[in-house]
Trainee: 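Pasting in a structure now, in structure tokens, and then I'll have a few things to ask.
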Amino acid sequence: WAKSDGGGKYEVFDPERSAREAARIELAADLPEALRRAEFRLEYQPLVDLRDSRLLGVEALVRWHHPRLGLVPPGDFISLAEETGAIVQLGLWVLAEACAQAAAWAEQFPDAGNGSGLFVSVNLAARQIRDSALVDDVEAVLERTCLSASLLQLELTENEIMDTAGKPLRVLEELAELGIKIAIDDFGTGYSNLSYLRCLPVTSIKVDKSFVDGLGGAEGLEETLIQEKIFGTIVSLAHALNLMVTAEGVETEVQAANVRRLGCDAGQGWLFSRPCAAERITQLLAAQTSFFPVG
Ligand code: C2E
Ligand code: MG
Ligand code: MG
Ligand code: MG
């Protein structure tokens with residue numbers, strides 16, 4: 001079979017590809033019903049303070065429990081939901097659910113996190129950021145759930161925070177004025193002009209997993225040194241701008257030790273914890289879990 005993605009002039013029928021396409025169309029059609037039937041759940045993944053090993057906050061990650069297909073990961077439906085517009089409703093559900101959960105944790109564990117409660121970090125899709133109702137919606141959710149704005153963080157990617165003219169979006173200022181935190185997700189993979197960091201109300205960056213992967217000690221010495229320089233420079237830049245730095249996708253002890261040595265503030269990844277149900281986070285809070293031994 002000739003592959004159809006090679007830029008050829010004609011396409012050869014590819015049964016695998018058309019099956020995938022059919023599955024996508026089916027999933028897209030199921031989205032509105034899934035929202036009505038409450039088939040979505042949130043999992044929460046710990047963000048760990050690399051200095052004292054404490055749980056600082058959690059990232060909310062949506063999962064779809066499809067009645068026939070089982071667990072569908074967000075990679076398979078978020079972009080679909082953006083295309084159909086269902087993301088606006090889904091995103092609002094995620095926000096409300098995450099804020100309600102964070103408010104419950106804040107009440108039960110007021111001293112968690114950095115001392116004033118565990119924060120929850122919620123991913124925003126491009127379509128949501130361009131929705132004129134977003135700021136009002138966020139404000140209404142905070143009011144309804146009684147969550148302090150300081151315990152909510154919104155994650156946006158570099159490309160999402162730029163308008164088509166390459167200017168940062170005004171809506172970020174309005175969100176920041178509410179007192180919420182704003183993190184740049186997958187930092188280093190998108191828009192490459194760093195000057196936007198200076199003029200935006202951003203509070204932290206999450207360095208993409210691809211930069212952390214190179215710090216596992218598996219590469220040769222020369223490559224390792226380059227990877228360390230790049231990571232260290234990102235950290236210096238962020239700290240010079242008063243931004244907190246989180247390393248994404250930390251899977252090994254060696255990576256954790258390296259990002260910590262290079263000055264990174266927080267870590268997130270399978271080494272510390274996979275994303276898990278809210279009840280599990282409650283257990284971690286109750287046990288005041290340390291995520292690694294502190295020397
Ligand atoms: P993200 O925001 O960059 O989230 C991190 C992803 O990396 C999550 O995948 C998480 O489970 C995974 N991850 C965390 N630690 C490790 C690790 O050590 N190793 C590896 N290999 N992976 C790790 P997940 O949950 O499948 O989500 C994928 C993406 O889907 C997210 O990337 C985010 O862009 C999007 N997403 C998830 N939930 C939502 C949501 O509620 N709204 C929106 N708009 N997007 C969401
Ligand atoms: Mg994220
Ligand atoms: Mg990310
Ligand atoms: Mg990432």
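All values reported here derive from a predicted model rather than from experimental measurement. Each ligand, and each atom within it, is numbered from 1 in the order the structure gives.
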Trainee: Where does Arg63 meet ligand 1, judged by heavy-atom distances below 4.0 Å: at the side chain, the backbone, both, or neither?
Mentor: side chain

Trainee: Taking a cutoff of less than 4.0 Å between a non-hydrogen atom of the residue and any ligand atom, is Glu82 in contact with ligand 1?
Mentor: no

Trainee: Just say parallel, tilted or perpendicular for the rings of Trp105 and Tyr44, cut-offs at 30° and 60°.
Mentor: perpendicular

Trainee: Do you know which N/O/S atom name in Glu248 is closest to the Mg ion (ligand 3)?
Mentor: OE2

Trainee: Would Arg260 and Glu253 pass as an ion pair if we require N to O under 4.0 Å?
Mentor: no

Trainee: What does the angle at the Mg ion (ligand 3) come to, between atom OD1 of Asp185 and atom OD1 of Asp186, rounded to 10°?
Mentor: 90°

Trainee: Below a 4.0 angstrom heavy-atom separation, can you tell me which part of Pro73, side chain or backbone, both or neither, approaches ligand 1?
Mentor: neither

Trainee: For ligand 1, indicate whether the residue Leu61 contacts it via side chain, backbone, both or neither (heavy-atom separation under 4.0 Å).
Mentor: both

Trainee: Any N/O of Gly269 closer than 3.5 Å to an N/O of ligand 1?
Mentor: no

Trainee: Does Arg144 pair with Glu139 as a salt bridge, N-O distance under 4.0 Å?
Mentor: no

Trainee: Is it true that Glu97 and Arg41 make a salt bridge, defined as a side-chain N closer than 4.0 Å to a carboxylate O?
Mentor: no

Trainee: Looking at Glu223, I'd like to know if its CD atom is crowded, meaning that more than 12 non-hydrogen atoms belonging to other residues, nucleotides or ligands lie closer than 6.0 Å.
Mentor: yes

Trainee: Just checking Gln288: does its CD atom have more than 12 heavy atoms from other residues, nucleotides or ligands closer to it than 6.0 angstrom?
Mentor: no

Trainee: Is Glu59 close to ligand 1, meaning an N/O of one under 3.5 Å from an N/O of the other?
Mentor: yes

Trainee: Out of the N/O/S atoms in Glu155, what is the name of the one closest to the Mg ion (ligand 2)?
Mentor: OE1

Trainee: Kindly give the atom name of the N, O or S atom of Glu59 closest to the Mg ion (ligand 2).
Mentor: OE2

Trainee: Short list, please: which atoms of ligand 1 are under 4.0 Å from a heavy atom of Lys209?
Mentor: 19 (N), 20 (C), 21 (N)

Trainee: Could you tell me whether Arg274 and Glu43 have a side-chain N and a carboxylate O separated by less than 4.0 Å?
Mentor: no

